[in-house]
Amino acid sequence: MDWSRDEATVAVIGTGAMGRGIAQVAAQGGLKVLLFDAASGAAERARAYIAEMLDGAARKGRLAPAEAEAAVARIHVIGAMEDLAPADAVIEAIVEALDAKRDLFRQLEAILRPDAVIASNTSSIRIASIAAACTNKARVAGMHFFNPVPLMKLVEVIRAPATAPAVVEALTALGKRMGRVPVTVSDSPGFLVNLGNRPFSTEAVRLAMEGVASPAEIDAILRDAVGFRMGPFELMDLTGLDVNFPAAKIMYDGYFQDRRLATWPLHQAMAESGQLGRKTGGGWYAYDTDGKLVPQPTDAPASATPAAKLVLAERDEALSKLLLEAGAELLARDDGASPIVGAPLGEDASTFAARLGLDARRLVCVDLSGNIAKRLTAMRPPGADPAAVAAAVSRLAQTGAKVTVIKDSPGFVVQRVVAMIGNLGCEMAQIGIASPADIDLAMKLGLNYPRGSLEMVDFLGGARRVHEILGRIQAVTGDDRYRPSLWLRRRALLDLPVNTPD
C-alpha cells in the first residue's frame with residue numbers, strides 16, 4: 001500500500017486520549033484522517049482539541065503555523081460508520097472490551113473495501129481473539145501506540161497468526177509516515193513493552209514485601225545506580241495501581257502462571273485498598289495538597305566514626321579499589337574486631353557468611369553493580385552489630401557516593417531487578433516476540449528505559465554473569481521465578497554475546 005499518495009486515508013475510531021493522539025500524528029504525517037466516535041459530539045470535540053494542541057505547538061515555535069493549519073484541515077469528522085468506506089486503513093481505539101471490539105470489526109468488514117487494513121490499538125487483548133469475529137482474518141493486525149502518542153515515538157505492529165505479511169508491511173510503512181518508529185511484535189499477552197516491563201514492578205514489590213527496603217529506597221537505588229528516570233514505585237503511582245495490578249494478572253494468566261511473571265499479595269492489597277497512587281492522593285508514596293510527592297528518607301546517615309580498618313571477606317580487586325579510595329586500611333586476615341566487607345554475586349549476606357565461615361555480626365556486603373560513584377547499596381545479615389554496620393557505612397560514604405542500607409536479599413536490589421528484566425528480554429527473544437534489536441529499541445522508546453532488556457544483561461557483566469546471578473538467587477530462594485531463559489543459558493555456556501541470533 002502506497003502511503004505517499006495525497007489521497008491516502010486513515011480512519012480512527014474512538015476519540016479518547018489515544019484516539020486523539022493517533023489522529024493528530026496521522027494528520028501531521030500528511031494523511032487524510034476520518035475521525036469517528038459513536039458518542040454524539042465526541043469526534044467534533046476531539047478535532048477541536050487536536051487543533052488547540054497544534055496551535056499551542058505553533059505558538060511555542062515547535063511547529064510552523066501553516067503546518068498546524070494544514071494538519072487540522074486533513075481531519076474530517078465522520079457522522080456514520082458507512083462514511084468510513086474510503087479508508088485505506090482503520091485504527092480502532094475504543095474501550096478495552098473484547099465483545100465491543102469484535103462487534104466493531106464485524107461492522108467494518110461489511111463497510112471497507114477488501115484490501116483495506118483493520119488494526120486495533122489494544123494494549124492487552126490478543127489480536128487473534130479480536131480477529132476471530134472476521135471472515136478475512138489476514139487483514140487484521142495490531143497497531144499499539146503509547147501515551148501520550150504525539151510524544152512517544154514507538155508503535156508496536158502486532159502480527160497475529162493469520163495476519164498477512166503484506167499487512168504487517170503496510171502498517172510498518174504507515175507508522176513511519178506518521179512519524180513513529182515501528183517494531184514488529186508477535187501476538188502475545190502484553191505484546192512486547194508491557195510484558196518486558198513486568199519485572200521492573202513485580203520484583204520491586206517482592207523486595208518491599210520481604211522487608212528488604214522501603215519503596216523510596218528501592219526507587220533511589222534503581223534511579224541512581226541503573227539510570228531509570230523513575231523508580232518502579234513512582235511509576236506505579238503515576239499510572240495507577242488500578243492499571244498496573246490488573247495488567248500484571250492478565251500477563252501472568254496469559255502465560256499460564258509462569259512464575260517469572262508472578263506478582264505478590266502486597267501488590268493486590270494496595271490496589272484493592274484503593275491506594276492507587278497520584279489519582280487518589282496516596283499509593284506507595286504520600287502526596288501533599290498540591291499533588292507533590294512527599295519525600296521519604298533513602299540515604300543512610302554517615303554519623304558514626306568511619307571504620308579505620310576493614311577486613312576483606314575474600315579477594316576482590318574491585319572491592320579493594322573502592323575501599324582504598326574510601327581511605328580504609330584493608331586487612332587480609334580477620335583481626336576479630338574490624339567490620340568485614342564482601343561483595344557477593346547473587347547470594348544474600350547470610351549465605352555468603354555461611355559459605356566463607358565469616359562472623360556475620362560484623363559483616364557488611366556491598367553491591368558493585370551499576371553506577372557506584374552515585375549510590376552504593378550496603379546489605380546487612382540478621383543479627384548484625386549496628387555499630388559495625390554504621391562504621392562501615394560511614395567509611396563507604398567517604399567515596400562521595402550516597403549509601404542505602406538494606407536488609408538481607410539474594411542479589412541485593414540492582415542484581416535482582418536488572419537480572420530479571422534481562423532474563424525476560426532473553427525469553428522474549430527465545431519465543432520470537434521480536435528480534436533482540438527490536439526488543440531493546442522498544443523498551444527504550446516505549447518506556448524510556450536507560451537501556452534495552454538484553455542490554456541490561458551486558459550492563460550486569462554479560463550472559464555468563466547474569467546466568468550465575470539468577471542461578472544463585474534461585475538456589476537461595478528455591479523459587480522457579482529466577483529460572484534462567486534457555487536463550488540466556490545457551491549464550492552463557494558458550495560465552496557468547498547475549499544478542500547472538502539462533
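Few gaps surround CZ on R259; more than 12 heavy atoms of other groups in view lie less than 6.0 Å from it. Within 6.0 Å of CD on Q257 lie more than 12 heavy atoms contributed by other residues, nucleotides or ligands. Within a 6.0 Å sphere centred on CZ of R361, other residues, nucleotides and ligands contribute 12 heavy atoms or fewer. Heavy atoms of other residues, nucleotides or ligands lying less than 6.0 angstrom from CZ of R483 number more than 12.
A salt bridge between K444 and D440 is absent, with no side-chain N of the basic residue lying under 4.0 Å from a carboxylate O of the acidic one. A salt bridge links D334 with R362: the distance from a Lys NZ or Arg NE/NH1/NH2 to an Asp or Glu carboxylate oxygen falls below 4.0 Å. The pair E210-K407 does not meet the salt-bridge criterion, since no charged nitrogen lies less than 4.0 angstrom from a carboxylate oxygen. For the pair E468 and R464, the salt-bridge criterion is not met [side-chain N within less than 4.0 Å of a carboxylate O].
In plain terms, the two heavy atoms of D187 and I158 that are nearest each other are CA-CG2, 3.8 Å. Taking every heavy atom of both residues into account, A204 and I218 meet most closely at O-CD1, 3.7 Å. Of all heavy-atom pairs between V157 and P182, the closest is CG2-CB, 4.0 Å. Nearest heavy-atom pair across S186 and G432 is OG-O, 3.5 Å. The minimum heavy-atom distance between P215 and W284, with the atom names listed, is CG-CE3, 4.1 Å. Scanning all heavy atoms of the two residues, the minimum distance from L195 to M251 falls at CA-SD, 3.5 Å.
Listed for the E234 side chain is a donor-acceptor partner under 3.5 Å among the backbone atoms of G231. Using a distance-only test at 3.5 Å, with no hydrogens or angles considered, a donor-acceptor pair links the side chain of T399 to the main chain of L396. Within the 3.5 Å criterion, the main-chain N or O of T202 finds a donor-acceptor partner in the side chain of W264. Of the possible donor and acceptor atoms, one in the side chain of N121 sits under 3.5 Å from a partner among the backbone N and O of F145. Here the side chain of D408 pairs no donor or acceptor atom with the backbone of D348 at under 3.5 angstrom. Using modelled atom types, no side-chain atom of W487 and backbone atom of N423 make a donor-acceptor pair closer than 3.5 Å. Within the 3.5 Å criterion, the main-chain N or O of K292 finds a donor-acceptor partner in the side chain of D288. Side-chain N or O atoms of E455 include one that pairs as donor or acceptor with a backbone N or O of G452 at under 3.5 Å. At least one donor-acceptor pair closer than 3.5 Å links the side chain of R451 to the backbone N or O of V226. With hydrogens and angles ignored, the 3.5 Å screen pairs a side-chain donor or acceptor of T404 with a backbone N or O of T298.
Defined by atom type and a distance below 3.5 Å, a donor-acceptor pair is missing between the side-chain atoms of Y255 and E427. Checking S124 against E96 by side-chain atom types alone, a donor-acceptor pair falls below 3.5 Å.
Distance check: R260 CZ to R198 CZ gives 15.5 Å after rounding to the nearest 0.5 Å. The OG1 atom of T239 sits 7.5 Å away from the NZ atom of K279 when rounded to the nearest 0.5 Å. The distance from the CZ atom of R465 to the CD atom of Q415 is 7.0 Å, given to the nearest 0.5 Å. Distance check: I469 CD1 to L345 CG gives 4.0 Å after rounding to the nearest 0.5 Å. If you take CG on L312 and CG on L323, they are separated by 6.0 Å, rounding to the nearest 0.5 Å. In this structure, CE on M270 lies 13.5 Å from CE on M209, to the nearest 0.5 angstrom.
Between M443 and M456 the shortest side-chain heavy-atom distance does not fall below 4.5 Å. Looking at R278 and L238, their side chains come closer than 4.5 Å, going by heavy atoms from C-beta outward. The shortest distance between side-chain heavy atoms of M178 and M143 falls below 4.5 Å. Residues V294 and Q296 have side chains in contact (heavy-atom distance under 4.5 Å, counting atoms from C-beta outward). Proximity of S369 to V418: side-chain heavy atoms (C-beta onward) are nowhere separated by under 4.5 Å. Looking at M18 and V149, their side chains come closer than 4.5 Å, going by heavy atoms from C-beta outward. Using a 4.5 Å cut-off on side-chain heavy atoms (C-beta onward), L235 and F200 make contact. Using a 4.5 Å cut-off on side-chain heavy atoms (C-beta onward), Q268 and T263 make no contact.
Considering D438, I433, V185 in turn, I433 is the only one that fulfils the side-chain contact (heavy atoms from CB on, under 4.5 Å) rule with M428. No option in Q474, R472, R416 other than R416 meets the side-chain contact (heavy atoms from CB on, under 4.5 Å) test with P410. Here the options are D224, D367, D219, the test is salt bridge (Lys or Arg N to Asp or Glu O under 4.0 Å), and the partner is R375; only D224 passes.
Taking the six-membered ring for Trp and thresholds of 30 and 60 degrees, Y449 and F228 have ring planes more than 60 degrees apart, a perpendicular arrangement. Aromatic ring orientation, F245 versus H267: perpendicular (interplanar angle above 60°, classes split at 30° and 60°).
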Evaluation steps, side chain to side chain contact (heavy atoms under 4.5 Å, CB included), between R481 and I473: CA-CA 9 Å; R481 174 177 180 79; I473 298 175; over 6 Å; no
Salt bridge (Lys or Arg N to Asp or Glu O under 4.0 Å) between R59 and D55, worked out: CA-CA 6 Å; R59 288 198 306 271; D55 181 61; 2.2 Å; yes
Working for side chain to side chain contact (heavy atoms under 4.5 Å, CB included), residues I340 and S338: CA-CA 6 Å; I340 305 169; S338 301; over 6 Å; no
Step-by-step side chain to side chain contact (heavy atoms under 4.5 Å, CB included) determination, H467 to R489: CA-CA 6 Å; H467 187 267; R489 182 177 187 274; 3.4 Å; yes
Verdict with supporting geometry, L330 and S320, side chain to side chain contact (heavy atoms under 4.5 Å, CB included): CA-CA 8 Å; L330 303 185; S320 296; 3.9 Å; yes
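Taking the six-membered ring where the residue is Trp, the centroids of Y285 and F233 are separated by 6.0 Å or more.
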